[in-house]
Amino acid sequence: MSYHFNDIEAKWQDYWAKHQTFKALNHSDKPKFYVLDMFPYPSGAGLHVGHPLGYIASDIYARYKRHKGFNVLHPQGYDSFGLPAEQYAIQTGQHPAITTEANIKTYRKQLDQIGFSFDWSREVRTSDPKYYKWTQWIFIQLFNSWYHKTSDKAEAIETLISVFESEGNAHVKAACDDSIEVFSAAEWREFSTVKQQKILLKYRLTFLSETEVNWCPTLGTVLANDEIVNGVSERGGHPVVRKKMMQWSMRITAYAQRLLDGLAKIDWPQPLKDSQTYWIGRSEGAMVKFSILNNGLENSKLKTQNSKLFIEVFTTRPDTIFGVSFMTLAPEHELVSKITTPEQKAEVEAYVKATSKRSELERMADVKSVSGVFTGAYVAHPFTDKKIPIWVGDYVLAGYGTGAVMAVPCGDQRDYDFAKHFNLEIPNIFKDVNIDSEAFTDKDNTVISNSDFLNDLPYKKAMKRIIFEIEQRGFGNGKVNYRLRDAVFSRQRYWGEPFPVYYQNGLPQMIDPKYLPIVLPEVENYLPTNDGKPPLGNATNWAWDIEKSTVVNNKLINNKTVFPLELNTMPGWAGSSQYFNRYMDSHNSEALFSKDAVNYWREVDLYIGGSEHATGHLLYSRFWQKFMFDIGLVPTDEYAKKLINQGMIIGTSAFVYRVEGENKFISKGLLAHFKVQAIHADVSFVNASDELDLEAFKNWRPEYKDAIFIKETDGTFKVGREVEKMSKSKYNVVNPDQICEEYGADSLRLFEMFLGPLEQAKPWNTAGITGVHSFLKKLWKLYHLGADGAFYVSDNQATNEEYKTLHKTIKKVEEDIENFSFNTSVSTFMIAVNELTVLKCNKRTILEPLAILIEPYAPHIAEELWQKLGHYESISTANFPLFDPKYLVESSKVYPISFNGKMKFTLELPLDLTKEAIEKAVMAHEKTQQNLQGRIPKNIIIVPGKIVNIVG
RNA sequence: GCUCGAGUGGUGGAAUGGUAGACACGCUGGACUUAAAAUCCAGUGAGCUGUAAGGUUCGUAUGGGUUCAAGUCCCAUCUCGAGUACCA
């Protein structure tokens, strides 16, 4: 009987489903292990061969851990809210839920075909009301919390209210909006409820505020910073502009330091940690206030104001404060219009208007050119009282620090360029440094001069001293600043989680959690409304009746008990920020998860997914986890102990070359003689030797039907190849289905692993798949003997040589899996099977452990063998075999170490590994004897299966 | 520009500081076959040498260094890739 992989694979996939082989229980005598994949967005195109790469790796690890005696949780689900389904709905009117459901079916079929050991009983879908009920629930918890900097954690908002009632807000240390007025307890009690609510909103962990957002007019929605790539939207590449809007935000900045500190305790790839560190962007420095001078400001508003006006700046180099020769404000800075003198007014206004018109993209493309304008106003230097001019320049960003900088041209290249361009003073405050051509930015070699009390101090000492002086004299204070912004949480889309929020007197109110979920309403039209409201503005049934506690028709809004519901929906990352916890107890309708479940599974032990989520999902989910930890929901404040980024599988596109202006195609080898245009051809028309199937290509498009093809001299027509991202539009997508049908799921799994190191990006190329496929056939043949190929295994005792092969394999495969070097284990299997084939070994004592070793990689063929060996239980719970060192040492070599000249040689050791035997072998070796000069070796270091060192 | 990662045969890629190129693809030759496919066997880094078995030199981007021993560790340079982008 030959290897009918299709039958075998279908049989075992059915078996696993029917017996719920991989269903994990929330209690066990075994230790737990949680292996998680980043759940997919079910797109209309289905899975391509790149998607399963990480899933295969995690599946190998999960299956391996089961053999190692762990109770393994290995769930899967769908991140099923998202833009493509919505855009499809806009174009076709098809409800996104229907599209999504259909796509999920396809995904499930494709995933099942590969033979993953997922526990599907725990499946979650972010667009399922039973799931997003809990996304809404967490939103409410965030709304009802504030961040207490003293205890360094989130606390219930009631604790803040009681502080306000007893002592006002003067001494409250909270992460909150900067623009909070100070009030006493008495004042607080006098405030109207509306005012109190407005104040509290500035403290809550999710809050509504007028924010400058990234608005994408084409998509009709706002985007988070991580959804913008090179100044255009990540999806679709549409332009993005800045715009002020009333938006929900998440106060992630409260957690900036903890998000940074937490990186130290998790085993995540360094590049990913680096990019999170950079994204959070901690920098230490000082806030300094520069008083604005009134002289020359006749008739200005300034004179009439009592309060002293000042410009506050953040600087990481307060030590260079004596080098300040001008100030620069961002064009958007609120003081710009207030301080500009009448003479400069026209020029400044023109400049501000011009910069606001420039898109992000233009501003970025044009980093080099210097532009700015003088406001006519001055500040006083806090230490020297010198008059310092105030400029406006677009190299200063409104969103970072205070939107204003103290310019030190000698110590900052941008300030330097600005000063040179506008011919401003460049005082030198560095000892023995030439600043004729560029600024000096080398902190470590800085010695300050021309700076009063800072003279002759190196950088670090100068920093300490100046911050002390600034604080002493009341000019400012030392400060840690973060680049991280609060995360905008509103999207003007239909296909997302609705907020559990209604508005009363213009203030947001949370719906009582017991009435959740608030289900997404039906709409006729998925586009924004004519008056510019988000798509939910089209819903007729979208108002909240507080008496009936139910969603009702908008027409009832005039009733006293009915209020409008929030029209925005939550962003894509809302649903993915806690799904890993929900899997622990995904059917719980009483709670997000039970205490028992979360205390049992605790956190993810291994998380596999792409690095593209570094500053999105992987940062937001850490933030939510920390919040959930603070309010006592989860036992750990980091949810994934170890994370691995699988590399992307890139497509290999095929090109045909058409003569310009003619319907004539030229084979790759003959291009030199023609002027051609390259056109993508579908990769399925091309074989492994780059030959194009002309018939298939002609039938692809009507215009190719009658095309002329100029072939190579050998009669073939060759295409050009190029490595590009896999995409429908490049016709280079390869689906796993084709591979499964042609070679089987086990071949696909082995091949994807064999392709190269897991974490490395690599182009898809099926050329080598015959290698792993013929390996499986050889394995099959090992125990299907004779002309009829009947199953036959021998019960004879295995020889030492056979055991050697087996134990070598056990050791290597175990090491490889622990190190995530899945590619090299595939080689190890091939060597083992080749050796056993040569030995004609079909012995049960060898095949049984071999089946267990191979099962994580090729589970179907392993189950089949296991069953044929007479086992009635699935192989998945069989114990991983232990290797025995005594079978390994034979292959070891000896390297004597000597210090007199070059010498290196090897020696095979005997199987019998007593010290005497080794000494005897060493001394018997002619060269060794020479080099050791008759001495008996003192130390013999034996590492089974490795090198043996003998120190003379 | 900054940060991180990587440069090994015709190709994908192996090598706890210890026989570089495992394993696979491809290629060449052979067996089986009327033939092809499939399968099996042998060879395959480069050069020199030998009738042959073999011998020998050079080889892991480049130049230095540490070491008895370097693809691996250190320094510098070049190239490629990823992330990031005026962050004061």
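Nothing here was measured: the structure is a model prediction, and the numbers come from that model.
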Tell me what Pro763(A) touches on the nucleic acid: a base, only sugar-phosphate, or nothing, going by heavy atoms under 4.0 Å. nothing

Are Phe5(A) and His773(A), when compared by the centres of their aromatic rings, separated by less than 6.0 Å? yes

Nearest 0.5 Å please: distance from the CG atom of Asp267(A) over to the CD1 atom of Ile644(A). 8.0 Å

Over 60° means perpendicular and under 30° means parallel, so tell me whether Phe475(A) and Phe383(A) are parallel, tilted or perpendicular. perpendicular

It should be established whether Asn765(A) places a side-chain nitrogen or oxygen under 4.0 Å from OP1 or OP2 of nucleotide C25(B). no

Would you indicate which nucleotide in A85(B), A15(B), A88(B) comes nearest to any side-chain atom of Val405(A)? A88(B)

Given RNA chain B, 5'-ward residue of the pair Asn481(A) and Thr828(A), judged by closest heavy atom: Thr828(A)

Just the dot-bracket of RNA chain B, please: which string comes out with Watson-Crick or G-U pairs under 3.5 Å, [ ] for crossing, | for another strand? (((((((..(((.....[....)))((((((.......))))))(((((....)))))..(((((..]....))))))))))))....

Are Phe751(A) and Tyr743(A) near enough that their ring centres are under 6.0 Å apart? no

Is any side-chain heavy atom of Arg317(A) less than 4.5 Å from a side-chain heavy atom of Tyr459(A)? yes

To the nearest angstrom, how far is Glu815(A) atom CD from U16(B) atom P? 9 Å

Looking at Thr615(A), does any N or O in its side chain come under 4.0 Å of the phosphate oxygens OP1/OP2 on G83(B)? no

Once you round it to whole Å, what is the distance between C1' of C23(B) and NE2 of His773(A)? 18 Å

